[in-house]
J.: 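To start, I am sharing the structure in question, which I have written as structure tokens.
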Amino acid sequence: MFSISFRMAAVLLGLLLAAPVLQVSSGPVRVARNATVPLVLWHGMGDSCCNPFSMGALKKIIEEEIPGIYVLSLMIGKNVVEDEENGFLLDVNTQVSMVCRQLAQDPKLQGGFNAMGFSQGAQFLRAVAQRCPSPPMRTLISVGGQHQGVYGLPRCLGETSKICNIIREVLSRAAYSDLVQKHLVQAQYWHDPLNDLYRKYSLFLADINQERAVNETYKKNLQQLEKFVMVKFLRDTVVDPVDSEWFGFLKAGQAKETETLQESVLYKEDRLGLAAMDKAGKLVFLSADGDHLQFPEGWFHKNLLPFLR
Ligand SMILES: *[C@@H]1O[C@H](CO)[C@@H](O)[C@H](O)[C@H]1NC(C)=O
Ligand SMILES: *[C@@H]1O[C@H](CO)[C@@H](O)[C@H](O)[C@H]1NC(C)=O
């Protein structure tokens, strides 16, 4: 009951806030603007497509700043409850296929789109770029994504802390068992640097990061991006190691020292095309001075909006 009335209040408030923008957008200057590139958003763990405090609010901000833009905030499942649960429990490869189908069927996206993923949503969108080249993704913005996975789950945000504790327990004991891999999202980007189990048994991350074999299709598709922007949070207490947000990780065989993307085998052998993209000026490394996914609206306007105009 509370949540319904709250949602209605949020919608009404949104309409009120949107009113002056609508007037601006119907003025002659806006009409003269070219059509904007649509934007696809993929939320993080413990969040949903339409949470009025996070993705819903962000969608509104973007729509106000870029009048006429089509923003699709992905819902994985039939409703927001399923969407949030699936972020913990639905096999990532299945989620990526579902999203590929949805994008292929959306008439508004057929000319191409930009994509912005939050936390795990960022590496999932990269998988979309690598596996499903049509319709074409133009710029991918990863906000706190874990492109080399995580080795630790120190803290979860908000109400989801109980489920996070359970997940941490399971991951530390059995991340690479088939059952856990198939049914626990976080296990699919769990990256244990101390042994070879990750490379052999990770169903998702080891595949898209070309750990077992080099899939030339992945390499070719990823390089179709115009830009691949990665945002790292300098005071992140959620992602471990935080270097993963810039595609770095712990050096293999130990759990202390980290290496940058440029120092990694992935880059040196250019197994994914990232070195070529770097040389072509397509990789953009940004940092935000906050905890995981915490940034002031002004930072977003200054640093990320320019990629969407
Ligand atoms: C708008 O699109 C036209 C046709 O594609 C192009 O020639 C023109 O430069 C564009 N204008 C702006 C401001 O991007
Ligand atoms: C490479 O990736 C493409 C796209 O997902 C897939 O269709 C193909 O089967 C993969 N090839 C190999 C050898 O795994």
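What you see below is based on every heavy atom in this structure, not just the backbone, and it leaves out hydrogens, waters and symmetry mates. Order of appearance sets the numbers: ligands from 1, and atoms from 1 within every ligand. Nothing here was measured: the structure is a model prediction, and the numbers come from that model.
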J.: Within the side chain of Asp291, is there an N or O that forms a donor-acceptor pair under 3.5 Å with the backbone of Gln294?
T.: no
J.: Give a yes or no on this: more than 12 heavy atoms of other residues, nucleotides or ligands lie within 6.0 Å of atom NZ of Lys219.
T.: yes
J.: Under 6.0 Å between the ring centres of Phe249 and Tyr151?
T.: no
J.: Any ion pair linking Lys251 and Asp243 (charged N to carboxylate O, less than 4.0 Å)?
T.: no
J.: Could you work out, with side-chain contact (heavy atoms from CB on, under 4.5 Å) as the rule, every residue matching Arg235, not counting sequence neighbours?
T.: Asp289
J.: Charged N to carboxylate O below 4.0 Å: is that the case for Glu65 and Arg309?
T.: yes
J.: Tell me the residues surrounding ligand 2, counting only those with a heavy atom closer than 4.0 angstrom, sorted by chain and number.
T.: Arg131, Asn215, Tyr218
